[in-house]
Visitor: 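The structure follows.
Here is how names work: the chains are called A, B, and so on, in the same order as the sequence lines, proteins then strands, and each is numbered from 1. Note that the coordinates shown come from a computational prediction; the quantities given were computed from them, not determined experimentally.
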Amino acid sequence: MDAPYAIEMLGITKRFPGIIANDNITLQLRHGEIHALLGENGAGKSTLMSVLFGLYRPEEGVIKKDGVPVQINDPNDANALGIGMVHQHFKLVECFSVLDNIILGVEPTKGGFLQKDAARKKVMQLSENYGLAVDPDALIEDITVGMQQRTEILKMLYRDNEILIFDEPTAVLTPQEIDELMVIMKNLAREGKSILFISHKLAEIMAVADRCTVLRKGKYIGTVETKSSSMEELSAMMVGRNVNFHVEKKPARPGETVLDIQHMSVASRQHKKDAVHDVSLQVRRGEIVCIAGIDGNGQSEFVYGLSGLEPLKDGKIFLDGKDLSRSAIRQRSILGMSHIPEDRHKHGLVLDYSLEDNLVLQRYFEPEFTNKAGFLRRDNIRTYAERLIEDYDVRSGQGPVTAARSMSGGNQQKAIIAREIDKDPELLIAVQPTRGLDVGAIEFVHKKLVEQRDAGKAVLLISLELDEVMDVPDRILVMYEGEIVGELDPKKTTQEELGLYMAGAKRDEVRA
Amino acid sequence: MKNLLKRKGVQSLIASLLCIVLGLLLGYVVLLFINPAGAGQAILAVIRNFLNVSKANLQLKNLGNTLVKTAPLLMCSLSVLFAYKVGLFNIGVAGQYVVGAAAGLYAALQWGWGWLPCLLLAIALGAVSGAIVGMLKAYQNVNEVISGIMLNWITLYTANMILSGVTEQASPYTLHLRGNADQAILPSLGLGNLFNKHQYVTIAVPLAIILAIVVLVVLDKTRFGYELRATGNNKNAAKYAGMAEKRNIILTLMIGGALAAMGGALLYLTDFEQWSVGLSSVPGMGFNGIAAAFLGGLNPIGAIFSSYFIQHITAGGAFVDKSMYASQISDLISSIIIYLCGFVLFIKYAINTGLLRSEERALLRKQKAAAGGNTEKGGAS
Amino acid sequence: MSADTMQVIQQFLLLLQYTLIFSSVLMMVALGGCFSEHSGVINLGLEGIMVIGALGGALVMRYLPADASGLVMVLLVMLGAVVFGLVYSALLGVASINFKADQTIVGTALNMLGVAGATVLVKAINTASNPDNPSSIIEYGLPRQNFLVTFKIPVSVEGGGAERFLSFEFNWFLVVAIVMLVAAYIVLYKTRFGLRLMACGEHPQAAASVGINVLKMRWSGVLISGVYGGLGGICYIMAAVSQWEFERGVAGFGFLSLAVMIFGQWKPSRIALAALLFGLLRALSNVGTGFAALQALNIPGGVYNMMPYVICLVVLAFTSKKSRAPKAEGIPYDKGMR
């Protein structure tokens, strides 16, 4: 027990057909510390954790618990060793109660019959000890995300886990909930639990972690003490070079209004309240307006309402003075609305289609691509695709006929951007256009947005990333609980002020 | 060779052939189990079908019989594969086939309509039947498999009730068209003469094949097909791109319903079979259509061959030695083949994984060879 | 009592008898489907499983000596049906769980394979014992009596004549069905196994993350559906007749059970009620013409037969958006590459 490390993963290598997801990675977690695991999407964090959890078996490497080598073949083994994990996407059964979810897998039974009373007592005790308020009889589908996360933490504590893994735990939380979580994590560490905190948010890591291990593209980069490090250093380790945090751009020269939204409301699918309530805003030629906010404050529904994916409950949308409030998606597109969607796999691409077929997704019906009899003009589609691939540097195995599914995320996004920009829109709506992309691709996307602005288009950016919100747009509108609560000038405001608006701590009366 | 294996069409073909071979093999094992003495003979009888008879004339006649039943099966499989391209599993094909059969027969026998109006009525009602499933799916999000199954039975009982008005006296079978409604029998255009004056070989056969080609062209070459396949692969993306998703779902199932119903009419308007109003189960033709669609690799041209194959062995069942085996041995074989069709995705996955592995090995060998070249002087390995 | 009154009562008893037995069949098979779906596998092959289960039971009756004791007979017949149903459902398990096959295709194949396989086998047996009997019929008139308790209530009818009886056949399968219902309820809601099973049908990744073997649970669900389906099958063919022609399959009872399961919203208690309703409708199509009042309405049997499907379709149309169907049903579970 005197071994310095609770868990050691030494020289872990995991290969999948075609890629090496983990290449000789080392991770050493001390007793009672909060240890951050930092890396971009695709750096190999999830694979490493799946190895630790026995979901994947590594080709090489050893895992040691308290200095003793162990075999972990499935989650049961991990659990037996006291390893527990709060997954990024909660592993909760929606129609089960909180209590049922906590005991699932380690149910107390007598002769196969469930004995829930003892379990309930233990859960209530734990919930009190660690300040994890939950209602054991509530169904998961009825409770808040914060309480769902507390249920996940209780799942680990109920199993007396000593090593707690948090996989991107703050992505789904409000700022207050994030603060609460930080306190909970520190409490747990103080009680002697060893915590592995997976994140790519530097500020959180600096605030809560003792040490930080950095991965990049499947490789181990290093482990540092956060006290003696800086965000700049960590970020450099994570991306491999200093990030160009500032987007190069000339001052905006806005022209006349292109998009005019008046009192727009969109009903929610989840609850009775409006997801978007009484939103009014304008976007002019030659400016980039950014809607900032924490995930889940109505941004998605706002875009659905604007693009026509969801009907408006109330309000009007004018594009170049034309009323589009009730128009079909196709109509809006033809009149000059382009939309880089939030989720490129859900909306942006037909993954089983070839690249060329995806590139004409918004235009296949035009006379250039379909003749009068309704037949596709394949030659024209090919020519058009080849031009876009050239202009936008979309890389793929076999050019126009490559299956979209087989392309990298960055190139998929490039293809969507090419398609949407080349439509020559009046208004370009870009929703989290850099999500999941590597730094090079992010720069490319930002450059393209600024180019569109400079070409006199109206650009509406919806973003969750503070860096992006501060650097790319000419105006910032903050959305909180479905309403616009503030308008900020990115040159004058600070991240702290922006944060206050996003967390609902501050709001202005924004002009209608 | 490897490049050939990578092609989707080739993979489908391999998978289908594998299903057929395994299906026949398992059928043979069952025969062996029942009576080893005649098993080889019996399985050959199934495979040879019309070749079991020696006279050329009779061979043609038997081939004709098989073809008469291939036409409706092909229509049903087209219905299934068309809907499947849009991501819909049209299990309602079985009922839509019944719609066509009942509509055609009733219009012919009760109202004395000619074959063309009968056929058109069948197509129209089949489309309506498909539209019900489509609308439930589009507007109420009802799973098309479940609603299809429900409609299959509703249709069967309705058909039995309606057709009990046009049965032979004291018999559950509907009247023969010949003699009672000659105007409703599909024209042969001399095709029957090719098959030793086969009175049942009609335009149904070429018509079904032409429709297979039409389906192929619509799916692959037209704007409509582009939209349908996009909807099938990713309906969210299709909606995002402004395609009328609900309209396309409904339209697809209407077309699927029309194709299957046309199949029903194409069989019963030849007068080859009579409908029994005592039927207590939905006829298997539609379900066989599912088999044919998947066995044909979900390709309309593939469906032509798979439909023929299934009818070929079904007819072949009639030639087994009845003193030892039941003719249903061919039903058994075709249902084993359908079952095996469920494994097609796995077979393709196995082919692809195998290809990937061998490529990786080749790469490793290359690297090793390169490394070996550098360290040659070092000696070992 | 007048002769007419007596006739009405007798008809009513007959209707009750059919309703109870058909409901038992539907309930057992629907509960089977319920287990399979709660584990995450859609079982469209219930019709085929019923046929094979029925075959298993019928073969026991054909081969068991007629002088076997009643209880032994009853138990062995049920065992035969259970074993056949269980083994047959494994075909669904292998394909849909281990090979991630399309469950709709496999279910459809099982339905066709069930009838074809049973027909081929029974015909082979019949021709082997008597070359002039190439039928697919198995008779079980005598053994069937072991499952029945016939009540005969003497009544005196006005106008004299010989003494006449009201008769009612009680079938032990009713008791079996009720036991199977209670068992299903307890297993699903009161045991560790049930909690884990349902977790696999709702969110298999969550179940796997707490160390539950999803594939094993799904196999359990499918095999249990085989047990229930097999029992339902033998119960069905013995419901009213003393021989069965296997070429005929089971006349859609497997599909009707699917409708019962959906109408019962995947919950055992509601499935029981749904089974009663649909069983009544099925019984009406068989014996409804005996009632003067119903006769006057002149409703063809087909209408009663199709009513359950119509009801189910209407219910689906209005409830599909908030259906309680297991969320992960029909989606093959992929535990990742190992």
Visitor: What's the separation between atom CZ in A:R377 and atom CZ in B:R223, rounded to the nearest 0.5 Å?
Guide: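 If I round to the nearest 0.5 Å, the distance is 13.5 Å.
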Visitor: When you look at CZ of B:F305, are more than 12 heavy atoms from neighbouring residues, nucleotides or ligands closer to it than 6.0 Å?
Guide: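 Incorrect, the count does not exceed 12.
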Visitor: Taking side chain as everything from C-beta outward and backbone as N, CA, C, O, which of these in A:H339 sits under 4.5 Å from a heavy atom of chain B? Side chain, backbone, both or neither.
Guide: both
Visitor: Report, as yes or no, whether the 6.0 Å neighbourhood of atom CZ on B:R357 holds more than 12 heavy atoms from other residues, nucleotides or ligands.
Guide: no
Visitor: Which members of residues 232-251 of chain B, sorted by number, sit under 4.5 angstrom from chain A on a heavy-atom basis?
Guide: B:N233, B:N234, B:N236, B:A237, B:K239, B:Y240, B:A241, B:G242, B:M243
Visitor: Against chain B, label A:T370 side chain, backbone, both or neither, depending on which of its atoms sit under 4.5 Å from a heavy atom there.
Guide: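 Side chain only.
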Visitor: Measuring heavy-atom distances to chain B, does A:D357 have an atom under 4.5 Å in its side chain, in its backbone, in both, or in neither?
Guide: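 Contact with chain B: backbone and side chain both.
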Visitor: Has A:K423 got more than 12 heavy atoms of other residues, nucleotides or ligands less than 6.0 Å from its NZ?
Guide: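 Buried by this count: over 12 neighbours within 6.0 Å.
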Visitor: Show the nearest heavy-atom pair for residues A:Y353 and B:Y226, with the distance to one decimal.
Guide: OH-O, 2.5 Å
Visitor: Below 4.5 Å, heavy-atom pairs only: which of A:L351, A:L376, A:I329 has the largest tally toward chain B?
Guide: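 The residue among A:L351, A:L376, A:I329 with the greatest pair count is A:L376.
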Visitor: Given that the side chain runs from C-beta out, which part of A:R405 has a heavy atom under 4.5 Å from chain B: side chain, backbone, both or neither?
Guide: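 Neither part, no heavy atoms under 4.5 Å.
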Visitor: If you count every heavy atom of other residues, nucleotides or ligands that lies below 6.0 Å from A:R378 atom CZ, does the total exceed 12?
Guide: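 Yes.
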Visitor: Counting only non-hydrogen atoms closer than 4.5 Å, does A:L349 touch chain B with its backbone (N, CA, C, O), its side chain (CB onward), both, or neither?
Guide: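 Backbone only.
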Visitor: Once you round to the nearest 0.5 Å, how far does CD of B:E227 lie from CZ of A:F365?
Guide: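 Interatomic distance, B:E227 CD to A:F365 CZ, rounded to 0.5 Å: 9.0 Å.
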